[in-house]
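In what follows, every chain begins at residue 1, and chains take the letters A, B, ... in the order their sequences are listed.
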Amino acid sequence: MNPVDRSAIESFVYYEAALLDAGALKDWLELFAQDCLYWIPSRAHAPDPVRHVSIVYDDKPKLSARVARLLSGKEYAQEPPSVTCRQVTNVVTRAGADGEIEVNAVLVVYETRPNTAIQAVPAHARWRLTVQDGSFRICEKRVVLTDLDRYYENLTFLL
Amino acid sequence: MVGHDELHAAHAHRFDHLVTDRAVHREVYVDPAVFDAELKRIFGRVWVYVAHESQLRQPGDFVTSWIGRQPVIVTHGGQQQPRVLMNRCTHRAATVCQERSGHATHFRCAYHGWNFRNDGTLVSPTFGSGYDLEDFRVEDFSLGQAPRVDSYRGFVFASLAQSGPTLAEHLGNARTYIDLFCDLSPTGEIEVGEAGTNRYGYPGNWKLQAENGVDGYHPNFVHQAFLDNGRGGLAMQLFHGESVGRAADLGRGHALLDSRPTLGEIHERSFRSTPGGQAHYEQLVDRLGAERAAEVIRTNGGQGFNLLVFPNLQLIQIQIRVIHPRRVDLTEVDLYPTLLAGAAEQTNAARLRSHEGFYGPAGGGAPGDLEMFRRVQEGLAVESVEWLPLLRGLRRTELGPNGELIGHVTDEHPQRAFYRRWAEEMAA
């Protein structure tokens with residue numbers, strides 16, 4: 001049997017997207033493994049976290065703090081919160097190292113807030129997934145923006 | 001306050017009446033005529049930061065930036081000082097370089113093929129037989145150049161004025177803090193560029209970011225969610241009304257937020273226990289002596305100070321921040337996190353992680369400021385309330401040893417410093 005069940009994986013990344021669009025950030029956070037990385041690099045090719053700055057480089061404690069901040073009511077860049085509508089397409093899956101599953105997809109997030117123009121954020125997304133107790137867990141989610149030279153006004157919502 | 005219309009009639013083409021030692025007029029942020037005058041009188045004359053020498057190691061290396069809105073190419077042409085070329089073909093004015101950085105011996109305009117050496121000289125016009133030598137001398141069509149270029153500790157500045165104060169005179173007291181920023185490096189050298197850039201923009205005037213980077217009054221409000229998030233209250237003490245931190249008017253429009261009184265000793269204690277910290281400390285002692293090494297660590301081992309160099313450069317934590325005015329109500333900002341040359345990998349990585357936590361378009365702090373700038377620019381549409389006060393700490397000022405005006409970290413000495421210089425430049 002192919003360990004990489006494509007339709008189950010697609011269902012999982014769509015579920016993840018739906019949680020974010022619904023603002024269910026605590027549920028979303030629970031999808032991440034304890035030893036995880038949520039990463040938005042600032043360069044597309046061979047980003048090296050030791051030498052290159054990222055836009056976001058969150059391990060689980062930092063990601064938890066980010067979610068807490070977003071839910072605190074005092075993150076003014078999210079007052080009122082962004083409304084997002086995201087598409088996950090062109091999903092490609094393959095077996096990764098150590099029993100992990102690697103997923104690559106195109107991610108486009110449309111974001112709106114009152115008094116600001118709609119923002120389209122196109123990206124290539126990559127997940128490393130593992131299976132724990134019969135469910136997928138995210139070991140790494142990496143979102144590589146296609147327009148890294150852009151002067152973004154607000155990327156405080158989650159990609 | 002004097003009625004604005006009255007003043008305006010008396011000061012046509014001058015703008016210094018929009019600023020007093022206790023308030024700023026709304027037109028400073030919303031009037032396109034003020035913005036146009038700023039580009040000419042401030043960015044068109046004063047020393048403006050354009051690059052760091054660590055981005056220009058080899059002959060042929062270049063970076064692009066702007067002086068005000070004017071696009072420039074900063075090149076290493078093999079000579080002592082970098083050249084600052086105007087990124088504008090001398091034929092039909094197209095920009096000749098489209099990259100943010102790179103390596104090139106020539107810049108070739110794509111429009112009609114004119115090709116310039118990286119010292120700015122034109123090789124020859126294309127299809128040269130169409131030009132008569134009586135009308136056309138190649139040497140008359142070099143790329144424009146900033147007439148004055150100088151550097152301090154690797155920070156390259158250009159002035160579009162033929163004459164004026166030297167860079168050293170312009171920087172004045174700010175040099176002390178540029179030195180501290182660089183001296184934390186075991187070699188005294190910082191590296192800009194390799195670490196990449198965080199970029200953000202906002203629909204507001206450029207001076208909102210200039211003011212905010214040295215505003216110690218706002219963090220406990222705008223950044224409460226970040227500062228108070230499981231940090232045991234220490235971060236909230238930095239910018240509290242009872243904090244022991246200081247703010248200073250350094251003269252010449254430069255300004256400082258100084259958190260050393262709050263955090264300096266903590267930095268000094270913790271620095272050597274970080275991975276690689278002890279070896280780093282010993283290198284600093286070897287190079288600087290124990291006393292200066294301790295001073296450097298107290299200052300810059302973490303969030304030591306925020307420095308504003310008039311008009312649009314800031315050194316904050318590990319970053320060089322450059323503010324680009326685009327329109328009266330549109331601004332873009334480049335953050336260049338610096339690496340410490342010769343420091344341990346963990347040290348530089350930890351600096352980057354700390355920077356990312358707060359700064360950049362998805363950071364825990366900076367986007368809150370951008371949201372405030374958007375709100376300020378929106379509120380400035382109100383015309384019946386004309387002035388923005390700068391009264392905080394007006395009567396609690398100490399005179400520093402180098403002429404600094406020093407107050408509480410939450411006081412508005414930095415903003416008064418910035419606008420005093422602004423008014424001087426805008427009057428002349």
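Taking all atoms of both residues into account, the shortest heavy-atom contact from B/Y359 to B/Q317 is CE1-OE1, 3.4 Å. In plain terms, the two heavy atoms of B/L339 and B/E194 that are nearest each other are CD1-OE1, 4.2 Å.
Within the 4.5 angstrom heavy-atom criterion, atoms from both the backbone and the side chain of B/P367 approach chain A. In this structure, no portion of A/Q78 lies under 4.5 Å from any heavy atom of chain B. Of the two parts of A/R51, the backbone and the side chain both hold a non-hydrogen atom closer than 4.5 Å to a non-hydrogen atom of chain B. A/L70 does not touch chain B: none of its heavy atoms, backbone or side chain, sits under 4.5 Å away. Within the 4.5 angstrom heavy-atom criterion, no atom of A/D58 approaches chain B. With a 4.5 angstrom heavy-atom cutoff, A/S72 touches chain B only via side-chain atoms.
Between chain B and the options A/S42, A/P49, A/P47, heavy-atom pairs under 4.5 Å are most frequent for A/P49. Among the candidates B/L370, B/L335, B/D369, B/D334, the residue making the largest number of heavy-atom pairs closer than 4.5 Å to chain A is B/D334. Contact count against chain A (heavy-atom pairs under 4.5 Å) is highest for B/A362 among B/A362, B/G363, B/A349. When each of B/E191, B/Q346, B/R374 is checked for heavy-atom pairs under 4.5 Å with chain A, B/R374 comes out on top. Here A/V50 is the residue among A/N154, A/D48, A/I40, A/V50 with the most heavy-atom pairs under 4.5 Å with chain B.
Between the side chains of B/Q209 and B/T331, no donor-acceptor pair of N or O atoms lies under 3.5 Å.
Contact check on B/E356 versus B/R353 returns a salt bridge, with a Lys/Arg side-chain nitrogen under 4.0 Å from an Asp/Glu carboxylate oxygen.
For B/F62 and B/H103, the ring centers are positioned 6.0 Å apart or more. A centroid separation of 6.0 Å or more is found between the aromatic rings of B/F239 and B/H223.
Dense packing is recorded around CD of B/Q98, with more than 12 heavy atoms of other residues, nucleotides or ligands lying under 6.0 Å away.
Seen from the ring of A/F157, A/R113 does not count as a face-on cation partner, given the 6.0 Å and 45° thresholds.
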